[in-house]
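A, B, ... follow the sequence lines: proteins, then strands. Residue 1 opens every chain.
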Amino acid sequence: MPDMPSPRLYPARERTVASPARDLAAELNAEQGAAATHGEGPLLIIAGAGTGKTRTLVYRVAHLIERGVSPERILLLTFTRRAAHEMLSRAEKLVGSASKRVQGGTFHATGHRLLRQFGPDAGLPKDFSIMDQGDAEDLMQLARASLGYGKQEKRFPKKESLHYIYSRHLNTEKPVEQILQQEYAQFVEFSRDIVRIFAEYTSRKSERNLVDYDDLLLFWAMMLEQSPSLADRICGLYDHVLVDEYQDTNLLQARILRGLCRHHANITVVGDDAQSIYSFRGAHFRNILDFPKHFPNAQIVALEQNYRSTQPILDVTNTIISRALERFTKTLWTQRGGTDAPWLVTARDEQQQTRFVVDRILELHEEGTPLKEIAVLVRAGYMSADLEIELTNRNIPFEKWGGLKFLEAAHVKDVLAFLRVLENPRDEVSWYRILMLMPGIGDVTARAMMESMADRSWDPDAFSHFVPPARARDAHRGLADLIRRLRGARREDGGVGEDIDEIRALYDSILSERYDRSEPRLADLDQLRVIAAGYPSRSVFLAALALEPPSSTQDLAGGSESDNDALVISTVHSAKGKEWDAVFVIWAVDGWFPSSRSMDDEDQLEEERRLMYVATTRARNHLAVTYPLNVYATRRGQDYSIDQLSRFLDRGVRDKMQRVVPQEPAAPPPAGGAPLPASTEPAIDLRALLRGRFGG
DNA sequence: TTTTGAAGTCTCTCC
DNA sequence: GACTTCAAAA
């Protein structure tokens, strides 16, 4: 079963056994205890990596509940869905199932819940649909084209840039002009045109009942700031607000928090400026330092004792972050000994790097480390392609976090577009997507059809009344029939799965025409159907997919079967907040990590450094950083060197590591690869299918 | 006006 | 190596 979007909608059964009263503070160190048992008023916890931040927050939730605060009046905002789940399940261990009533989730998911509840009072339509980033970019393209931009002008920004600038404008509150000057100097001359497009984009959104990710925050902030009565009702929902990863919040989110806590100021935030890695979403690590300004009389607690890593690992990570240009927290220390310095592995090439990592993983596994206690971290999702192939060949189960998502695949978005049109007949983005798939319908016909539907106020039958040109007649009738059937269908249990079956009766042949290798894509659609069957309705399904997309192949396989022992491959971003017994950071090559895109900007380079810090601080006992000496670049004309060790592993860092040079095996590995010991579960078929499609 | 094939453009991170 | 854009053919 996929996760439901909101614990509030589907409350778990209460356990009747009361949790035993216990002295929570005794299980924490002095600073953690002070933070956990803090009374009322603002609290800022500066917590270094591995200092028990989650533990402290969990204990604080437990403390509040034991002191009589109703769980449902506690709001716990986290950055990722994974963090929210982790925290709530740990809280449950402490105080029992009452913690399940704690409200929480990501900022966006929480904003969504509030908008569904209060949006109609704020003038929002009740049945809006959520666009993901790709959809928003497509709508930006429609807005741009409708104003006639982008025909001849060669250097006009493309839809992705337009959307980025728009989003940045909202999240950082910087004027568009200033963003252009700082980040898109070549487009400054189009400043007025860009603003016009944004206005068109905004009005299209509201005419079409569409809401983008930023709107979920923006409307939330507006309800708090512009409507005193609404603000009172929303503020009145929560007595305590706790925020994780505060260093990754932006100005808009800070505004929301101020609005939420206007009456009681019972706000607790946790963060580490050294782990701020989301500036591309408008976050700035200074926000955490401004917290005491926004919330006067804030108590500040710093956690500096690291419980995670051995001293040799900490020596390396401390050195990495010590090179940062601006630092505010102090050096972490630990009582955990250890003599094994982290490894710096120089491989000859990518293949050797892969072989080394896999061999070492098997070694650790034979020594007794479960696979799920081992992680391979990469700067970007695609960098694990070779490794994934090798793991598949050698039959080692793994799950992948972050990176290219299932839902971003074109054929999956196609099928979802049908569902979305049913849910919201005004969804212009989805209409356009569907229409362009139909044989005989192109850009012009599609626009004409949408215009005709708009003229009929997006009446659900508007599409079938359109009189298509001759060559599009068959396609039009087929689509109109499909929509009529789906709309007329009355089903017992949601029936999203049956909807997908109907859609595929039309779509599968289109898919097969469009793609050479259609089998893995058809398999993806089988998978989508399995996921859909677990949801009670189209609208819940669609909202859940937009806000809480399956973020690992494990999620996709439909399992929360955590006893499945599988290696984790993750982007560094998705790995934040997690820890593993053994961590491999691969591709530590200048141009990859740091990414070449960041190398001409000091701030971005600093963020890459923090990213390396986040990656290396995930390790408890074993850390290995690997890089290949020879990278066979398939791209031409790059302005960065491709065969150098990452600049973050400078001499001082290297001195604290052991150099390891893999030995070539005497003979190539046997064709079938070395199988795992029999005790290990084989990978599930569905995951293997997905890997075939998304692995690279 | 649509489709198709070829040249050209970039490449991330996440809600 | 995947996706977009452009030009020519149907």
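Judged by closest nucleotide on DNA chain B, A:G442 is the one of A:G442 and A:S598 placed further toward the 5' end. Between A:A446 and A:Q604, the one whose closest nucleotide on DNA chain B sits nearer the 5' end is A:A446.
Counting to the nearest Å, the P atom of C:dC3 and the NZ atom of A:K413 are 12 Å from each other. As rounded to whole Å, 19 Å separates atom C1' of B:dC12 from atom CH2 of A:W401. For the pair A:Q247 CD and B:dT13 P, the interatomic distance rounds to 20 Å; values are reported in whole Å. Look at CD1 on A:I389: it is 10 Å from P on C:dG1, rounded to the nearest Å. Protein atom CE of A:M436 is 13 Å distant from nucleotide atom C1' of C:dT5, rounded to whole Å. In this structure, the CZ atom of A:R433 is 14 Å from the C1' atom of C:dT4, given to the nearest Å. Rounded to whole angstrom, the span from the CD atom of A:E350 across to the P atom of C:dG1 amounts to 11 Å. As rounded to whole Å, 19 Å separates atom P of B:dC15 from atom CG of A:L170.
Taking the P atoms as reference points, B:dC12 lies 16 Å from C:dT5, given to the whole Å.
Side-chain proximity of A:H573 to C:dT4, B:dC10, B:dT13: nearest is B:dT13. The listed nucleotides are B:dC15, B:dC12, B:dC14; the one nearest the side chain of A:F280 is B:dC14. Set against B:dT1, B:dC12, B:dC14, the side chain of A:Y382 has B:dC12 as its closest nucleotide. Nearest nucleotide to the A:Y213 side chain, out of C:dT4, B:dC15, B:dT1: B:dC15. Minimum atom distance to the side chain of A:K158 is reached by B:dC10, of the listed B:dT1, B:dT13, B:dC10. Distance from the side chain of A:V444 is smallest to B:dT1 among B:dC12, C:dT4, B:dT1.
Side chains of A:L542 and A:L419 form a contact here, defined as non-hydrogen atoms less than 4.5 Å apart.
The existence of a salt bridge linking A:D427 and A:R208 is excluded, since no basic side-chain nitrogen approaches an acidic carboxylate oxygen closer than 4.0 Å. With respect to the salt-bridge test (charged N to carboxylate O, under 4.0 angstrom), the residues A:E423 and A:R420 do not qualify. Between A:D135 and A:K413 there is a salt bridge, since a side-chain N of the basic residue sits under 4.0 Å from a carboxylate O of the acidic one.
Here A:R597 reaches the OP1 or OP2 of B:dT11: one of its side-chain N or O atoms lies under 4.0 Å away. Phosphate contact (OP1/OP2 of B:dC14, side-chain N/O of A:T106, threshold under 4.0 Å): absent. Distances shorter than 4.0 Å separate some side-chain N or O of A:S574 from OP1 or OP2 on B:dC14.
If you check every strand for non-hydrogen atoms under 4.0 Å, A:L611 touches nothing. Here A:F107 lies out of heavy-atom contact (under 4.0 Å) with every strand. Contacts of A:P439 with the nucleic acid, taken as non-hydrogen atoms under 4.0 Å apart, involve only primed sugar atoms and P, OP1 or OP2.
A tilted orientation is assigned to the rings of A:F463 and A:H476, their planes being inclined by 30° to 60°.
The cationic atom of A:R116 (NZ for Lys, CZ for Arg) lies less than 6.0 Å from the six-membered ring centre of A:F128 and within 45° of the ring axis.
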